[in-house]
Amino acid sequence: MHDFIQLSNEVIQAIHEKKPIVALESTIISHGMPYPENLECAHLVETILRDQGVTPATIALHNGKILIGINRDILEHLADNSNVTKASKRDIAFALTQKISASTTVAATMFCAHMAGISLFVTGGIGGVHPDISNHFDISADLIELANTPVTVVCSGAKSILDLPKTLEMLETHSVPVIGYKTNDFPAFYSHSSGLPLLHRLDSTKEIARLIKNHQELKLRNGLIIANPIPLEAEIPDEDMNPIIQQARKEAAHISGKSITPFMLQRITELTAGQSLKANIELIKNNARLGGKIALALHKLNPPAKLATIKQIEKT
Ligand code: PSU
Ligand code: MN
């Protein structure tokens with residue numbers, strides 16, 4: 001393991017006991033939700049995984065190390081400290097050099113998880129192509145990482161603060177499979193469907209695990225997205241969300257770069273009087289339940305799957 005990597009005791013134990021491990025990001029904690037709901041949500045998601053026999057590994061940068069699994073004190077620090085930097089992949093080396101405390105985005109978490117040998121990652125939503133692309137040219141590094149790192153991301157699609165058709169086009173260009181779990185459509189975070197159809201759908205975690213295994217066996221270098229829609233009873237209809245998103249977008253006109261997404265998330269929480277936060281928490285819990293099941297199914301397939309593939313080839 002690389003010198004920069006520091007595993008938590010829980011993760012070390014999981015490796016020794018050959019238990020499945022799932023990565024979690026930390027930007028969602030430090031820049032995606034307000035305190036203390038962010039801390040409660042982070043604990044809850046970890047607990048949902050543990051209850052399934054899966055070990056959570058929340059990833060962050062701290063004191064010159066990439067932490068794979070963090071303790072309560074650091075989690076509290078990430079949740080309740082406005083000095084925590086949002087680190088995408090670009091910022092990792094800088095944060096480690098300067099020993100800056102930083103949370104990791106989807107892109108940075110994928111990179112660090114892969115370095116630590118973790119192939120499954122649960123989050124809320126990915127970044128994507130921002131609107132008005134011809135003026136701002138703002139494309140999340142999450143998409144570039146998905147193009148280059150073989151980690152499976154379980155999420156509820158992307159928020160409609162982004163240009164979702166262009167986000168899907170870009171994923172297609174980079175050969176990133178987007179698999180709808182029990183859905184034919186790309187989910188739009190707060191709402192069950194964006195109305196954009198997906199080409200691939202799977203209805204069982206066993207099938208998803210087989211797909212991931214095959215992706216790995218083929219040595220495909222890009223990531224995978226398992227798109228798990230928000231539960232219907234928790235969704236906020238588009239007609240309620242759209243005016244709020246428009247309003248937040250207008251207020252964000254003077255903001256650029258990496259501050260846009262956190263600003264939009266905070267304004268949406270304020271403008272919906274916490275309703276969006278509730279939906280956000282429900283969808284992440286739902287993703288943790290699904291991610292845990294996929295991790296267990298993948299675990300079952302483990303080394304025997306390799307032998308089975310060789311046998312199949314011999315048979316043909
Ligand atoms: N979308 C959400 N919640 C989030 C994020 C995105 O619904 O917390 C965070 C994730 O960490 C994601 C990052 O990786 O924002 C994307 O930021 P940017 O658009 O600057 O790449
Ligand atoms: Mn950006």
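Computation of the quantities below employed the complete heavy-atom set of this structure, encompassing side-chain atoms and omitting hydrogens, waters and symmetry-equivalent molecules. Indexing begins at 1, ligand by ligand and atom by atom, following the structure's order.
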Sole residue of Ile126, Val154, Ile179, Leu198 in side chain to side chain contact (heavy atoms under 4.5 Å, CB included) with Ile225 = Ile126
task = Going by heavy-atom distance to atom 18 (P) of ligand 1, choose the closest among Arg90, Lys86, Lys258, Glu25.
result = Lys86
key: Modelled atom types, side-chain donor and acceptor of Thr58 and Ser26, under 3.5 Å   = no
request  = May I ask which of Val106, Ile260, Leu265, Ile268 has a heavy atom nearer to atom 3 (N) of ligand 1 than the others do?
outcome  = Leu265
task = Considering the heavy atoms of Thr105, write down every atom of ligand 1 situated less than 4.0 Å from one of them.
result = 11 (O), 14 (O)
query = Can a non-hydrogen atom of His31 be found less than 4.0 Å from any atom of ligand 1?
reply = no
ask   = Can you check side chain to side chain donor-acceptor pair (under 3.5 Å) on Glu25 and Thr123, steps first, answer last?
value = CA-CA 7 Å; Glu25 65 153 308; Thr123 189; 2.5 Å; yes
Ligand 1 versus Thr261: contacting region, heavy-atom distance under 4.0 Å = side chain
note = Near Gly125 (heavy-atom distance under 4.0 Å), the atoms of ligand 1 are 1 (N), 6 (C)
N, O or S atom within Asp138 nearest to the Mn ion (ligand 2), by name = OD1
Ion pair Arg210/Glu207, N-O distance below 4.0 Å = no
ask   = Quick one: nearest non-hydrogen protein atom to atom 21 (O) of ligand 1, plus distance?
value = Ser140 OG, 2.7 Å
ask   = Should you measure from each heavy atom of Ile28, which atoms of ligand 1 turn up under 4.0 Å away?
value = 8 (O)
inquiry  = Which option wins on minimum heavy-atom distance to atom 14 (O) of ligand 1: Thr27, Asp142, Ile126, Asp138?
reply    = Asp142
query = If you count the atoms of ligand 1 from 1 in the order shown, which ones are under 4.0 Å from a heavy atom of His130?
reply = 19 (O)
message = Applying side chain to side chain contact (heavy atoms under 4.5 Å, CB included) to Asp91 and Thr85, what does each step give before you reach the verdict?
response = CA-CA 9 Å; Asp91 313 297; Thr85 301; 5.6 Å; no
Cationic N near anionic O, under 4.0 Å, Glu169 to Lys166 = no
task = For side chain to side chain contact (heavy atoms under 4.5 Å, CB included), just list the numbers for Glu145 and Phe111, CA-CA rounded to whole Å, side-chain angles, deciding distance to a tenth of an Å, and then say yes or no.
result = CA-CA 7 Å; Glu145 205 51 30; Phe111 175 80; 3.7 Å; yes
key: Test side chain to side chain contact (heavy atoms under 4.5 Å, CB included) applied to Thr55 and Leu49, step by step   = CA-CA 6 Å; Thr55 299; Leu49 289 170; over 6 Å; no
request  = For Lys159, counting its heavy atoms only, list the atoms of ligand 1 lying under 4.0 Å from any of them.
outcome  = 2 (C), 3 (N), 7 (O)
